[in-house]
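Contents: one structure, followed by commentary.
Atom set for the values below is all heavy atoms of this structure, side chains included, hydrogens, waters and symmetry mates excluded.
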Amino acid sequence: MSTPAAKEFAAAWGKYGGGRKPNGAAALGWVGTKIFEKVVRAAGKDVSRSSLVAQLRKIKGDRFGGLTVPLTFTASGPPPASCMFVMQGSGGKWAAPKGDKPTCF
């Protein structure tokens, strides 16, 4: 991935990843923190459960700088996924043939 958001993750992983290669769990953890960061910043000084949930529900189709497929949060939870990243195993390594562009259906 070549987006600024992906570069930010790579820099943080390079600093704190202990020399290991990043994996899916690390990427998911990073995205979770970026979602939480956005929600907390939007809540401002009113950081409470209800304010955080209210801010989360304002997220509509956000890709978090290309780190995710479009994410939307509603009162009943996220809608069913309609996009995915294509991954392909080859030669013992993972590759993303479409890069950071999700496939939507």
Side-chain angles (χ1 to χ4, degrees):
M1 291 187 172
S2 60
T3 66
K7 289 177 183 177
E8 180 187 22
F9 168 65
W13 187 262
K15 186 173 182 178
Y16 301 109
R20 296 180 305 264
K21 291 185 177 184
N23 57 32
L28 287 172
W30 181 261
V31 168
T33 63
K34 298 313 281 183
I35 293 169
F36 187 68
E37 177 184 47
K38 180 175 185 158
V39 168
V40 168
R41 286 183 192 270
K45 292 183 181 184
D46 179 26
V47 178
S48 65
R49 180 184 182 278
S50 60
S51 69
L52 295 177
V53 169
Q55 293 304 320
L56 184 66
R57 290 181 181 157
K58 291 180 180 179
I59 295 173
K60 306 280 187 241
D62 196 330
R63 290 199 55 223
F64 292 87
L67 295 174
T68 68
V69 298
L71 297 178
T72 296
F73 296 92
T74 66
S76 60
S82 60
C83 297
M84 65 180 185
F85 289 107
V86 176
M87 298 298 293
Q88 177 180 4
S90 178
K93 296 181 180 182
W94 286 104
K98 293 187 173 191
D100 59 1
K101 182 180 180 199
T103 298
C104 298
F105 42 93

- Keeping to residues at least two apart or across chains, list the disulfide bond (SG atoms under 2.5 Å apart) pairs with something in residues 4-54. none
- Message: Quick test of your reading: applying disulfide bond (SG atoms under 2.5 Å apart), list the pairs with at least one residue in residues 21-53, sequence neighbours left out, ordered by first then second residue.
- Response: none
- Item | With Ser50 via side-chain contact (heavy atoms from CB on, under 4.5 Å) - residues at least two apart | Ser48
- Task: If a pair satisfies salt bridge (Lys or Arg N to Asp or Glu O under 4.0 Å) and one of its residues is in residues 13-26, list it, with sequence neighbours excluded.
- Result: none
- Message: Once side-chain hydrogen bond (donor to acceptor under 3.5 Å, both in side chains) is applied, do any residues pair with Glu37, and if so which ones, sequence neighbours excluded?
- Response: Lys34, Arg41
- Query: Within the side chain of Thr3, is there an N or O that forms a donor-acceptor pair under 3.5 Å with the backbone of Gly66?
  - Reply: no
- Task: Could you tell me which residues satisfy side-chain hydrogen bond (donor to acceptor under 3.5 Å, both in side chains) with Arg49, sequence neighbours excluded, listed by chain and number?
- Result: none
- Item | Counterpart residues, side-chain hydrogen bond (donor to acceptor under 3.5 Å, both in side chains), relative to Lys38 (two or more places apart) | Asp62
- Query: Pairs in or reaching into residues 33-69: which pass ring-ring contact (aromatic ring centres under 6.0 Å, His included), with residues at least two apart or in two chains?
  - Reply: none
- Taking only residues two or more places apart in sequence or in another chain, which ones pass ring-ring contact (aromatic ring centres under 6.0 Å, His included) with Trp30? Phe9
Under 3.5 Å, side-chain donor or acceptor atoms of residues 71-89 against the rest of the protein: list the pairs with distances, not counting sequence neighbours.
from, atom 1, to, atom 2, distance (Å)
Thr72, OG1, Gly61, N, 2.8
Thr74, OG1, Ser76, N, 3.4
Thr74, OG1, Ser76, OG, 3.3
Thr74, OG1, Gly77, N, 3.4
Thr74, OG1, Gly77, O, 2.5

- Contacts of Lys98 meeting side-chain hydrogen bond (donor to acceptor under 3.5 Å, both in side chains) (sequence neighbours excluded), chain-then-number -> Thr103
